Amino acid sequence: MSTDCYVSPLSERYASKEMQYIFSPDMKFRTWRKLWIALAETEKELGLKDAEGNPRITDEQIEELKAHVDDINYEVAKARELEVRHDVMSHVYAYGQQCPKADGIIHLGATSCYVGDNTDVIIMTEGLRLVKKKLVNVIRELSDFALKYKDLPTLAFTHFQPAQPTTVGKRATLWMQELVMDLEDLEHVHSHMKLLGSKGTTGTQASFLELFDGDEEVCKKADQMIAEKMGFEACFPVSGQTYSRKLDTRVCNVLAGIAASAHKFSNDIRLLQHLKEIEEPFEKGQIGSSAMAYKRNPMRSERIASLSRYVMIDALNPAITSATQWFERTLDDSANKRLSVAEAFLTIDGILDLFLNVVDGLVVYEKVITKRLMSELPFMATENIMMDAVKAGGNRQQLHEKIRTLSIEAGKNVKEKGLDNNLLELIAEDDEFPMTLEELQKTMDPSRYVGRAPSQVTEFIRDVIQPILDENKDLLGMTAEIHV
């Protein structure tokens with residue numbers, strides 16, 4: 001490991017090897033070579049002739065290209081780039097050195113964007129495929145958690161103030177629902193990914209029209225054939241020199257959406273860990289603080305939040321790049337794209353690994369959850385108590401005012417005196433309520449106050465989540481490895 005120059009923490013600490021490979025030089029330049037092979041095959045199959053009417057491209061040349069698709073001679077390309085200052089032409093030269101018979105037909109009729117832009121689309125498509133796999137596994141892990149705790153009542157919060165109870169499992173469905181929306185967005189964008197094809201310097205296919213003696217139908221077929229050879233359904237029907245940078249915006253917006261959902265989840269876990277109700281996994285030898293040995297900081301959830309903010313802000317880069325392109329193309333997109341798109345994918349990859357790791361190891365402290373809920377439940381049970389008193393002949397308005405007064409008194413005892421909630425005792429002592437303390441305490445069954453939460457969990461997982469898991473069963477079963 002080099003210690004005297006900058007190394008991206010995305011590579012060293014956060015992103016998986018699988019995602020790093022997708023954005024690696026090997027993936028990029030092997031894809032360039034596959035595109036050159038697809039171009040040569042297409043031109044041959046469409047009957048490209050030389051000036052004397054003979055086939056311009058032979059099977060022997062194509063086989064030679066295929067023989068060297070993976071063994072890239074990087075040193076030759078690097079040395080050539082120092083001379084010509086052009087990465088594509090340097091790799092054309094290096095490929096030609098390995099394939100002397102095919103040297104003259106590599107990149108025939110194409111521009112730099114033929115390999116550059118098509119490769120970018122292919123890489124983003126592969127990246128989305130891996131993101132989907134991890135996203136589906138997070139959803140699966142959360143569904144298991146939700147089902148396990150669907151009946152466990154817990155204090156719900158609005159404005160982070162105590163509200164009507166819910167269940168631990170129901171709260172998990174809220175996290176899942178946002179991820180399902182993200183999955184829908186991802187699948188839509190993924191299913192609409194298109195290649196640039198071979199459009200030429202301004203998108204008019206003029207060079208191809210020249211190669212094929214003005215035959216427009218052949219030019220149109222070329223794009224479709226290239227797309228199919230590279231595993232895509234189609235190319236963009238129109239373009240300038242590049243594919244619309246709007247595509248990068250759409251892709252990164254999907255990643256930013258996932259980041260927002262992950263951030264919301266991490267916020268909730270951090271708050272729950274503060275309340276000592278639910279904790280993220282904590283390793284046996286893990287140190288929470290260098291000064292305070294007793295601390296168990298929610299460092300993984302904090303890291304999810306930190307990385308998620310980066311992805312959400314990074315989505316502005318392709319949006320601004322898309323907005324500021326000039327006419328058929330301008331090159332101020334290139335340096336930005338190299339950073340913003342790759343880092344968005346590498347970062348969301350690390351986020352989803354953390355997300356899966358945290359959910360897989362969540363620790364639920366049921367007694368703490370119940371204790372906190374029971375300390376607030378008397379306030380939430382007052383409506384039921386009042387209705388029971390009305391049924392026994394009481395006046396609804398008078399009882400409402402009495403409960404309001406007693407609730408304020410109990411609240412003061414809790415907040416100002418540090419006492420336990422004694423609302424039930426106060427109600428039992430009041431003559432207007434024909435109930436003993438024992439009878440009132442029987443109303444303190446938390447399950448009476450969670451509404452349809454358990455059923456909502458069951459229905460949501462049955463109707464929404466399970467079909468997703470069934471459809472993507474081949475993606476399930478992964479575990480997340482985190483480096484720090």
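For this chain, numbers begin at 1 and follow the sequence in order. This structure is a prediction, so every number in the text was calculated from the model and none was measured.
- A side-chain donor-acceptor contact under 3.5 Å links Lys134 and Ser16.
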Would you sort out whether Trp175 and Val359 count as a side chain to side chain contact (heavy atoms under 4.5 Å, CB included), showing the intermediate values? CA-CA 11 Å; Trp175 302 327; Val359 176; over 6 Å; no
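- Classification of Asp185 and Arg250 as a salt-bridged pair fails, no side-chain N sitting under 4.0 Å from a carboxylate O.
- The local environment of CD in Glu210 is sparse, with at most 12 non-hydrogen atoms from other residues, nucleotides or ligands closer than 6.0 Å.
- Separation of atoms OG (Ser455) and CZ (Phe460) is listed at 15.0 Å; rounding is to 0.5 Å.
- A 4.5 Å side-chain heavy-atom check between Met124 and Leu247 finds at least one atom pair inside the cut-off.
- Legend: residues meeting ring pair (Phe, Tyr, Trp, His ring centres under 6.0 Å) with Phe157, ordered by chain and number and at least two apart, are Phe160.
- Between Ala38 and Met230 the shortest heavy-atom distance is CB-SD, 3.9 Å.
- At distances below 3.5 Å, not a single donor-acceptor pair connects side-chain atoms of Glu277 with backbone N or O atoms of Thr154.
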Residues Glu217, Lys220; criterion salt bridge (Lys or Arg N to Asp or Glu O under 4.0 Å); working and verdict: CA-CA 5 Å; Glu217 288 304 314; Lys220 286 162 61 177; 3.4 Å; yes
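- With respect to Arg462 and Glu459, no salt bridge is recorded, no charged nitrogen being found less than 4.0 Å from a carboxylate O.
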#### Entry: Steps toward side chain to side chain contact (heavy atoms under 4.5 Å, CB included) verdict (Gln466, Asp470)
CA-CA 6 Å; Gln466 196 56 51; Asp470 291 342; 2.9 Å; yes
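- At a cut-off of 3.5 Å, with distance as the only test, no side-chain donor of Asn73 or Tyr93 sits close to an acceptor on the other residue.
- Taking the six-membered ring where the residue is Trp, Tyr95 and Trp36 present tilted rings, their angle falling between 30° and 60°.
- Contact detail for His263 and Ile304: the closest heavy-atom pair is N-CG2, 4.3 Å.
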- Leu179 and Val138: side chain to side chain contact (heavy atoms under 4.5 Å, CB included), yes or no, with the steps? CA-CA 9 Å; Leu179 295 177; Val138 171; 3.8 Å; yes
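- Counting heavy atoms from C-beta on, the side chains of Val131 and Met19 come closer than 4.5 Å.
- By the 4.0 Å N-to-carboxylate-O rule, Lys44 lies close enough to Asp59 to be salt-bridged with it.
- Between Leu128 and Met193 there is a side-chain heavy-atom pair separated by less than 4.5 Å.
- At least one donor-acceptor pair under 3.5 Å links the side chain of Lys199 to the backbone N or O of Phe236.
- Environment of CD in Glu233: sparse, with no more than 12 heavy atoms of neighbouring residues, nucleotides or ligands closer than 6.0 Å.
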Give the intermediate values and the outcome of salt bridge (Lys or Arg N to Asp or Glu O under 4.0 Å) for residues Asp182 and Lys264. CA-CA 13 Å; Asp182 295 326; Lys264 193 268 193 261; over 6 Å; no
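- Salt bridge status for Glu41 with Lys229: present, with a side-chain N to carboxylate O gap under 4.0 Å.
- Checked against ring pair (Phe, Tyr, Trp, His ring centres under 6.0 Å), His192 has the following partners two or more places apart in sequence or in another chain: His188.
- Of all the heavy atoms in Leu65 and Ala40, the pair that sits closest is CD1-CB, 4.2 Å.
- Side-chain atoms of Tyr243 and Asp248 include a donor-acceptor pair closer than 3.5 Å.
- Across all their heavy atoms, His86 and Glu81 have their closest contact at N-CG, 4.0 Å.
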**Asked** Step by step, would you call Arg56 with Glu43 a salt bridge (Lys or Arg N to Asp or Glu O under 4.0 Å)?
**Response** CA-CA 8 Å; Arg56 181 67 182 85; Glu43 290 171 336; over 6 Å; no
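- The shortest distance between side-chain heavy atoms of Ile258 and Ile351 does not fall below 4.5 Å.
- Under a cut-off of 6.0 angstrom, the local environment of CD in Glu216 is sparse, with at most 12 non-hydrogen atoms contributed by other residues, nucleotides or ligands.
- A donor-acceptor contact shorter than 3.5 Å links the side chain of Gln20 to the backbone of Ser11.
- The closest donor-acceptor contact from the side chain of Gln205 to the backbone of Ser198 lies under 3.5 Å.
- How far OG of Ser301 is from CD1 of Ile269: 6.0 Å, rounded to the nearest 0.5 Å.
- Here Thr347 contributes atom OG1 and Tyr14 contributes atom OH; the two are 9.5 Å apart, rounded to the nearest 0.5 Å.
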Assess the residue pair Thr173 and Met176 against the criterion (side chain to side chain contact (heavy atoms under 4.5 Å, CB included)); give the C-alpha distance rounded to whole Å, side-chain angles, the decisive distance to 0.1 Å, and a yes or no. CA-CA 5 Å; Thr173 65; Met176 273 192 284; 4.0 Å; yes
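- Within the 4.5 Å cutoff, side-chain heavy atoms of Met225 are placed close to those of Glu45.
- Glu83 has a carboxylate O that lies under 4.0 Å from a charged side-chain N of Arg80, or vice versa, which qualifies the two as a salt bridge.
- By the 6.0 Å contact criterion, NZ on Lys34 is open, its count of non-hydrogen atoms from other residues, nucleotides or ligands being 12 or less.
- Under the 3.5 Å distance criterion, the side-chain polar atoms of Asp50 are matched with a main-chain donor or acceptor of Glu52.
- Heavy atoms of other residues, nucleotides or ligands lying less than 6.0 angstrom from CD of Gln164 number 12 at most.
- With Trp32 as the partner, the side-chain contact (heavy atoms from CB on, under 4.5 Å) test is satisfied by one option alone out of Ile72, Asp87, Val92: Asp87.
- Looking at Glu366 and Tyr149, their side chains never bring a donor and an acceptor atom within 3.5 Å of each other.
- For Leu196 against Asp223, the heavy-atom pair with the smallest separation is O-OD2, 4.1 Å.
- When the shell of 6.0 Å around CZ of Arg338 is examined, it contains 12 or fewer heavy atoms from other residues, nucleotides or ligands.
- Looking only at atom types and distance, the side chain of Arg140 has a donor-acceptor partner in the side chain of Asn137 under 3.5 Å away.
- Judged by distance alone, the side chain of Asp314 and the main-chain N or O of Tyr310 form no donor-acceptor pair under 3.5 Å.
- Shown here for Ile348 and Leu255, the closest heavy-atom pair between the two residues is CD1-O, 3.4 Å.
- Annotation: ring pair (Phe, Tyr, Trp, His ring centres under 6.0 Å) contacts of Phe345 (sequence neighbours excluded): Phe23.
- Side chain of Thr249 to backbone of Pro318: a donor-acceptor contact under 3.5 angstrom is found.
- Counting heavy atoms from C-beta outward, Val364 and Phe145 have side chains that approach closer than 4.5 Å.
- With Asp117 as reference, Arg245 is the one residue of Lys337, Lys194, Arg245 to meet the salt bridge (charged side-chain N to carboxylate O under 4.0 Å, His left out) rule.
- Atom-to-atom distance recorded for Phe355:CZ and Phe265:CZ is 5.0 Å, nearest 0.5 angstrom.
- In this structure, Arg303 CZ and Asn357 CG are separated by 9.0 Å, a value rounded to the nearest 0.5 Å.
- Remark: Gln61 CD to Lys101 NZ distance equals 9.5 Å, nearest 0.5 Å.
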